[in-house]
Amino acid sequence: MAFFGKIDTLMLGRLVSAEYLGFYRAALNLATSAGALFGFGAVLLPVFTQLNGRRFERGFKKTFKAIVIFTVPSVLGIWIIGKYFIYAIYGSDYIAAAL
């Protein structure tokens, strides 16, 4: 995601003003930071490759429930207070990036 964000910034640099490009980068940085918290797949892949049959199903269901319990409230919380993060990090000039 970070790679494509940098490519988008280069492409948008010719089409929009610097102000809107700053808004885009602020929102993208916040989303990339939050997304990095939820990269559990790389950690759990070695565990799931060793399981088979009923153990795999049971392990997958338990892991899915644990991730959902953590991820859904985190995403909703960041969505609700994201504009305050942008205000605290970038200042009032970038509040338009919250949308």
Side-chain angles (χ1 to χ4, degrees):
M1 182 172 169
F3 175 74
F4 291 116
K6 296 204 185 293
I7 300 254
D8 289 347
T9 303
L10 289 173
M11 291 187 326
L12 289 172
R14 301 279 296 172
L15 302 173
V16 299
S17 69
E19 176 185 355
Y20 295 112
L21 194 59
F23 295 157
Y24 174 75
R25 290 300 300 165
L28 185 65
N29 285 340
L30 184 61
T32 304
S33 307
L37 296 174
F38 308 116
F40 295 120
V43 174
L44 298 175
L45 182 62
V47 174
F48 284 128
T49 58
Q50 300 298 318
L51 301 176
N52 53 12
R54 301 282 294 170
R55 290 182 64 204
F56 175 78
E57 290 178 24
R58 189 177 69 221
F60 184 77
K61 287 179 183 178
K62 284 184 178 181
T63 304
F64 183 76
K65 286 179 186 177
I67 290 173
V68 167
I69 287 171
F70 177 72
T71 304
V72 171
S74 298
V75 168
L76 291 176
I78 289 171
W79 181 50
I80 291 169
I81 62 173
K83 66 180 173 182
Y84 302 111
F85 281 139
I86 290 176
Y87 180 76
I89 296 170
Y90 296 105
S92 61
D93 294 336
Y94 286 88
I95 280 297
L99 298 176

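Because the structure is predicted, anything quoted here is derived from the model rather than measured.
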So how far is it from Lys62 NZ to Ile67 CD1, rounded to the nearest 0.5 Å?
14.0 Å

Spacing of Ile81 atom CD1 and Leu76 atom CG [to the nearest 0.5 Å]:
11.0 Å

Is there a path from Trp79 to Val68 through hydrophobic residues (I, L, V, M, F, W, Y) whose side chains come within less than 4.5 Å of each other?
yes

With hydrophobic residues grouped by side-chain heavy-atom distances under 4.5 Å, do Ile80 and Tyr84 end up in a single group?
yes

